[in-house]
Amino acid sequence: MKNFKLSPSFFSISLFFIFWEILGRYISKAFILPWPTAILKKIWVLKTPLFLTHLPSTLKIALVSIVISMILGIILAILMDFNKTVQAAVYPLLVTTQTIPITALAPVFILWFGYSIWSKVLVSVIISFFPITITIYNSFKEVQKDDINFLKSLGASNLDIFLKLKIPASSHSFFSALKMSVPLSLIGASIGEWLGATSGLGYFSKRMMSQLDGAGVFAPIVIISLLAIFIVQIISLIESKILHWRNK
């Protein structure tokens, strides 16, 4: 017990929720600011539809989006690294995709794909693939010139340099990109469901809002946040096992 210590983050998070609970009960208007215990109660009461109907729908969209975002981001990062012309042509387009309000694109996707999974997947991919692309691309560029020149002096080709130097050097960035894509994909899936869906946590939150049920609106948000934290922690654990040499 003498060695037991509570982290500063535990105190800060605890104080935040205590303050939120007190403020919410003081305002005493749950449709404006529901307090944490009221949200937890709502989650428990509605656990069946939340966890058996809406959560699987959101997870399906997020999973497909993560896979597409990672594949698209890695391919674009590799192409930009290999060819400066491609980089000059593609980079402005990548930035442009982030300047278009997603709420303006979502209705268009619904017109194209209806209320199927793909309209929500596109929304999620647009939100999540950009930071993945940039993170991996920058990791390629951070490889030391001296290391590249050394391999070239040994007769290594550009492909050899990429496979034997750049990929190992950017392995940590891959996991960083993956950890970024998880929350963004979940957020994107929820936004897509909010704008047009028949199921999912985003749809559930929108339905609760129409009923002025503040705790019901916050319940999916809490689930998404906890889910994202859990998945990111799992990815971090896998990263520490695979890239154990970085911890030495």
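FYI, side chains are in, hydrogens and waters are out, and symmetry mates aren't considered; it's all heavy atoms of this structure.
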With a 3.5 Å distance limit and no angle check, can you tell me whether [X] reaches the backbone of [Y] through a side-chain donor-acceptor pair?
| X | Y | result |
| --- | --- | --- |
| Ser205 | Gly202 | no |
| Lys206 | Trp194 | yes |
| Thr99 | Thr96 | yes |

Mind listing the side-chain donor-acceptor pairs of residues 66-82 below 3.5 Å, one per line with the distance, residues two or more places apart or on another chain?
| residue | atom | partner | partner atom | Å |
| --- | --- | --- | --- | --- |
| Ser69 | OG | Ser65 | O | 2.7 |
| Ser69 | OG | Ser128 | OG | 2.7 |
| Asp81 | OD1 | Lys166 | NZ | 3.1 |
| Asp81 | OD2 | Lys166 | NZ | 2.9 |

- Any Leu186 side-chain heavy atom under 4.5 Å of Leu201 side chain: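 No, too far: nothing below the 4.5 Å cut-off.
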- Would you say the side chain of Phe109 lies within less than 4.5 Å of the side chain of Val121, judging by non-hydrogen atoms?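 No. Closest side-chain heavy atoms not under 4.5 Å.
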- Message: Ignoring hydrogens, what is the shortest heavy-atom contact between Phe218 and Pro34? Give both atom names and the distance.
- Response: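 Shortest heavy-atom contact: CD1-CG, 3.4 Å.
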- Exercise: identify the closest heavy-atom pair between Ala62 and Ser185: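 Closest heavy-atom pair between Ala62 and Ser185: O-CB, 3.8 Å.
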- List for me each residue that meets salt bridge (charged side-chain N to carboxylate O under 4.0 Å, His left out) alongside Arg25, sequence neighbours excluded, and say none if there are none.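 Residues passing salt bridge (charged side-chain N to carboxylate O under 4.0 Å, His left out) with Arg25: Glu21.
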Could you state the interatomic distance from [atom1] ([X]) to [atom2] ([Y]), rounded to the nearest 0.5 Å?
| X | Y | atom1 | atom2 | answer |
| --- | --- | --- | --- | --- |
| Leu178 | Ile231 | CG | CD1 | 9.5 Å |
| His172 | Thr135 | NE2 | OG1 | 9.5 Å |
| Leu122 | Ile61 | CG | CD1 | 11.0 Å |
| Ser124 | Ile117 | OG | CD1 | 10.0 Å |
| Ile187 | Ser190 | CD1 | OG | 8.0 Å |
| Lys120 | Phe113 | NZ | CZ | 11.0 Å |

- Is there any ring-ring contact (aromatic ring centres under 6.0 Å, His included) pair reaching into residues 122-141, and which pairs are they, with sequence neighbours excluded?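 Counting only pairs at least two positions apart or across chains, the ring-ring contact (aromatic ring centres under 6.0 Å, His included) contacts touching residues 122-141 are Phe140-Phe162.
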Hydrophobic clustering (ILVMFWY, side-chain heavy atoms < 4.5 Å, transitive) - are [Y] and [X] grouped together?
| X | Y | answer |
| --- | --- | --- |
| Phe19 | Ile22 | no |
| Leu226 | Phe230 | yes |
| Ile224 | Ile221 | no |
| Ile136 | Leu94 | yes |
| Val125 | Val95 | yes |

- Item | Test ring pair (Phe, Tyr, Trp, His ring centres under 6.0 Å) applied to Phe17 - qualifying residues, sequence neighbours left out |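 If we apply the ring pair (Phe, Tyr, Trp, His ring centres under 6.0 Å) test to Phe17, skipping adjacent residues, the hits are Trp20.
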- Task: Write out all pairs satisfying side chain to side chain donor-acceptor pair (under 3.5 Å) with one or both partners inside residues 52-61, taking only residues at least two apart or from two chains.
- Result: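 Non-adjacent pairs meeting side chain to side chain donor-acceptor pair (under 3.5 Å): Ser57-Ser199, Thr58-Glu193.
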Could you go through residues 39-50 and list every donor-acceptor pair under 3.5 Å that involves a side-chain atom there, pairing it with any protein atom two or more places apart or in another chain?
| residue | atom | partner | partner atom | Å |
| --- | --- | --- | --- | --- |
| Lys42 | NZ | Asp213 | OD2 | 2.9 |
| Lys47 | NZ | Trp44 | O | 3.4 |

- Step-by-step side-chain contact (heavy atoms from CB on, under 4.5 Å) determination, Tyr91 to Ile134: CA-CA 9 Å; Tyr91 196 89; Ile134 299 305; 3.5 Å; yes
